[in-house]
Every structure is written in C-alpha cells, then in structure tokens.
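Keep in mind that this is a model prediction, so the values were computed, not measured. Proteins get letters first, then strands, A, B, ... in listed order; numbering begins at 1 in each.
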Number of protein chains: 2
Amino acid sequence: MGIFSKTCEYAMRAVFFIAHRTASGGRVGIKEISKGIGSPEAFLAKILQDLSRRGIVQSAKGPNGGFYFDKSSLKRPLSDIVEAVDGDGVFVGCGLGLEYCSEISPCPLHNQFKDIRNQIKDLLQKTSIGEFNEELNLGLTALRK
Amino acid sequence: MGIFSKTCEYAMRAVFFIAHRTASGGRVGIKEISKGIGSPEAFLAKILQDLSRRGIVQSAKGPNGGFYFDKSSLKRPLSDIVEAVDGDGVFVGCGLGLEYCSEISPCPLHNQFKDIRNQIKDLLQKTSIGEFNEELNLGLTALRK
DNA sequence: TTAATAAAGGATAAAAAACTCTTTTTATTT
DNA sequence: AAATAAAAAGAGTTTTTTATCCTTTATTAA
C-alpha cells in the first residue's frame with residue numbers, strides 16, 4: 001500500500017479534477033469525474049458526498065448540477081483533504097506504530113521519521129487544490145492512465 | 001493509517017527486539033517478544049513464521065529455542081523487512097495511486113513524492129537491524145509503552 | 001524414551017476498507 | 001405541473017487486514 005489509503009488517493013485525484021473543471025467555469029458530475037480519474041463511480045460518489053458534507057467541496061443537485069469549488073475552497077491546502085479522509089496519522093504518528101513514542105521516549109527511528117513526516121506535511125500544506133490547473137490544461141501532468 | 005501496515009510495524013519492532021536479544025547472546029520466544037513490543041502473540045507468530053521462511057530471521061524449536069539472528073542477518077537493512085511484508089509500494093508507487101505515473105506522464109505531485117519516497121528508501125536501506133542495540137540497552141529508545 | 005518446550009501450520013473469526021445497488025431528495029427545464 | 005437530471009442517503013456485499021485458536025512437528029533435557 002502507498003502512503004495514503006485508496007479512498008484518499010481517489011479523493012485527491014477527484015479534487016484536482018474538479019478544481020481543473022471549476023477553473024474553466026463549470027460543474028462536473030460523478031460519472032465524468034470517475035472516468036477522468038479512473039475510479040469506481042459509486043465509491044467515489046460516497047467519498048465526495050462526505051467531502052461535501054464537510055464543506056470541502058461544493059455540490060449542486062439537478063440538471064446542470066455537479067461538483068465544483070467556490071473561490072475560497074480552491075485555495076484550500078491538499079492537507080485538508082488528506083486529514084478529512086485519512087485523519088492525521090500521516091502527519092503525527094510513529095513510524096513503528098508506537099503509541100507513546102515521543103521526544104522523551106523515542107523509538108529507534110523517531111527523529112528520522114519526524115523529518116519525513118514533516119516533509120509530507122509541508123508538501124500537503126503548501127499545495128493548494130487549484131494549483132495544477134494550468135499543468136493539467138497543458139497536459140503536462142495527468143490524473144489518469 | 002501510518003506509512004506502513006500494522007503487520008509491518010509489528011515486524012520491524014519485533015526484529016529490533018530480537019536483534020537486541022541476539023546481541024546479548026540468546027534466543028527469544030514469541031511470548032517474550034510480543035510482550036516486549038506490545039503486539040498480539042498469535043499474530044506476531046504468523047509474521048515471524050513468514051520472515052523465518054524467507055530466511056530473514058532464524059528460529060529454533062524446542063527448549064531454549066526461539067528467534068534470533070545470525071551474524072550476517074544482523075547486518076540486513078530494515079528495508080528487507082519492509083519489502084518482505086509490505087512489498088515495494090512505499091518505495092516506488094505514485095502518491096496519488098496512479099498506475100502509470102512516471103517521468104513521462106507524471107501526476108501533479110510526482111517529483112515531490114519521489115523525493116519523499118527516496119528519503120524513506122534511503123533511511124530504511126541505511127538502517128540495519130542490529131543498529132540500535134546499544135541505545136536499547138541504555139534505554140535511550142523504546143519499542144514499547 | 002518420555003516429558004516439556006517452542007515454532008510451524010491450518011482453519012477460522014472479527015474488523016476495517018473498498019466497493020455496489022436502490023431509493024429519496026432537490027433542482028431544472030420544458 | 002411533469003419530466004428529467006443529478007447528488008444525497010441508506011442498506012447492503014465483497015475483499016483485505018488483523019487477529020485467534022488448535023493441532024502438528026521438531027528439539028532438548030531429564
């Protein structure tokens with residue numbers, strides 16, 4: 001398994017996809033998103049439903065409805081999505097899974113893992129949801145295939 | 001969840017624990033290991049059974065039996081354990097879970113994740129199983145509590 | 001050679017994660 | 001108002017991960 005749960009991977013990809021579409025003015029339905037990022041449709045629906053309930057992504061029902069981001073949401077850091085889906089385990093936990101691992105009672109790899117986690121945290125915090133729209137436009141980066 | 005599976009966390013802790021004991025001359029039984037690292041006994045037995053089959057850890061049955069490391073095994077990098085248990089997903093996969101993410105067709109965070117993964121890889125490769133025995137002896141680091 | 005000890009192996013169970021299907025609600029368009 | 005489109009919600013199912021239990025096999029020591 002990767003660093004994040006599969007659910008979280010889908011969430012991140014979907015969010016980038018929606019942001020990209022938002023930038024070109026519209027809303028996107030689940031069918032298109034799931035195709036665009038290569039995820040199971042019904043499962044992604046659940047994930048976005050949850051993000052929507054939390055106010056992270058916006059949604060509209062009915063014809064011409066779909067998912068989108070309002071302006072302030074586009075500036076959100078990716079860490080918000082990760083935290084909503086996977087919790088803060090990636091940022092704060094002990095690499096060896098020790099509950100009480102800390103500065104005072106560190107595991108053998110405490111400091112090294114701390115560095116790595118901080119780097120992940122920094123990356124996710126400084127990356128905003130709407131940040132890759134141009135690259136995606138230009139086909140410089142991909143969310144599928 | 002953390003960076004590694006729970007199984008892998010138990011495996012790493014157990015391996016450090018056994019190495020520590022090996023250094024002071026003996027073998028350790030499952031009961032003692034699982035107590036020492038705070039893991040379910042039967043489950044850890046399965047994990048070590050697997051590592052033993054792979055030749056990563058040595059074992060002996062009967063009275064005075066238990067798990068231990070021979071000299072060359074003590075020098076093994078921690079990455080061998082992680083790879084045996086969790087596969088190479090931590091080292092090589094795409095952060096967003098894209099199967100075909102690569103230099104040619106990168107995901108938006110490809111390069112950043114590559115850095116992080118390489119750091120994890122380096123850490124696990126340069127850390128040997130027997131490396132922390134002195135710290136553990138001195139109580140400077142902990143595997144439990 | 002028997003009793004005790006300890007890992008190996010196999011089968012099963014429980015919990016969590018991943019995923020599906022159906023119905024309901026809300027909004028839009030005609 | 002009726003038809004339609006789309007997400008929300010609810011109620012599963014399947015798969016994977018985590019965990020337990022019990023029996024067998026190997027080793028040692030008395």
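- Between B:Glu41 atom CD and C:dA8 atom P there is a gap of 13 Å when expressed in whole angstrom units.
- Going from atom CG of A:Leu98 over to atom SG of A:Cys107 covers 6.0 Å, rounded to the nearest 0.5 Å.
- Proximity of B:Tyr10 to the phosphate of D:dT18: no side-chain N or O atom is located under 4.0 Å from OP1 or OP2.
- For B:Glu134, the CD atom counts as loosely surrounded, since its 6.0 Å shell holds 12 or fewer non-hydrogen atoms of other residues, nucleotides or ligands.
- The 5' end of DNA chain C is approached more closely, in terms of each residue's nearest nucleotide, by B:Ala60 than by the other of B:Ala60 and A:Ser5.
- Heavy atoms of B:Lys46 sit under 4.0 angstrom from at least one base atom.
- The NZ atom of A:Lys31 sits 14 Å away from the C1' atom of C:dT20 (whole-angstrom rounding).
- Salt-bridge formation is not detected for the pair A:Lys46/A:Asp50: no Lys NZ or Arg NE/NH1/NH2 atom is positioned less than 4.0 Å from an Asp or Glu carboxylate oxygen.
- Residue B:Ile30 is in sugar-phosphate contact alone, with no base atom involved, counting any heavy-atom pair closer than 4.0 Å across all strands shown.
- At a cut-off of 3.5 Å, with distance as the only test, no side-chain donor of A:Ser52 or A:Gln58 sits close to an acceptor on the other residue.
- As rounded to whole Å, 15 Å separates atom P of C:dT26 from atom CZ of A:Arg53.
- Contact annotation: A:Ser52 side-chain N/O to D:dA7 OP1/OP2 distance is not under 4.0 Å.
- A close approach under 4.0 Å does not occur between any side-chain nitrogen or oxygen of B:Ser59 and OP1 or OP2 of C:dA6.
- Between B:Gln49 atom CD and D:dC21 atom C1' there is a gap of 14 Å when expressed in whole angstrom units.
- With sequence neighbours excluded, the residues that form a side-chain contact (heavy atoms from CB on, under 4.5 Å) with B:Arg27 are B:Ala60, B:Tyr68.
- For B:Thr7 and D:dT17, the shortest distance from a side-chain N or O to OP1 or OP2 is not below 4.0 Å.
- Between A:Ile47 atom CD1 and C:dA17 atom P the separation is 13 Å, expressed in whole Å.
- A straight line from CD of A:Gln58 to C1' of C:dT26 spans 17 Å, rounded to a whole angstrom.
- The number of heavy-atom neighbours closer than 6.0 Å to CG of B:Leu138, taken from other residues, nucleotides and ligands shown, is above 12.
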Considering only nitrogen or oxygen atoms on both sides, find all protein atoms under 3.5 Å from nucleotides 28-30 of chain C and state each distance.
residue: C:dT29; atom: OP1; partner: A:Asn64; partner atom: ND2; Å: 2.8

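- Taking a cutoff of 4.0 Å between a charged side-chain nitrogen and a carboxylate oxygen, B:Glu41 and B:Lys35 do not qualify as a salt bridge.
- A salt bridge is defined here as a Lys NZ or Arg NE, NH1 or NH2 lying under 4.0 Å from an Asp or Glu carboxylate O, and A:Lys126 with A:Asp122 fails to meet this definition.
- The CG-P distance, from B:Asp50 to D:dT17, rounds to 14 Å in whole Å.
- Counting non-hydrogen atoms under 4.0 angstrom, B:Val28 reaches the backbone sugars and phosphates but no base.
- Distances shorter than 4.0 Å separate some side-chain N or O of A:Lys6 from OP1 or OP2 on C:dC19.
- Among the atoms of the strands shown, none is found under 4.0 Å from any heavy atom of B:Val57.
- Here the P atom of nucleotide D:dA11 and the CZ atom of A:Phe43 are 19 Å apart, to the nearest Å.
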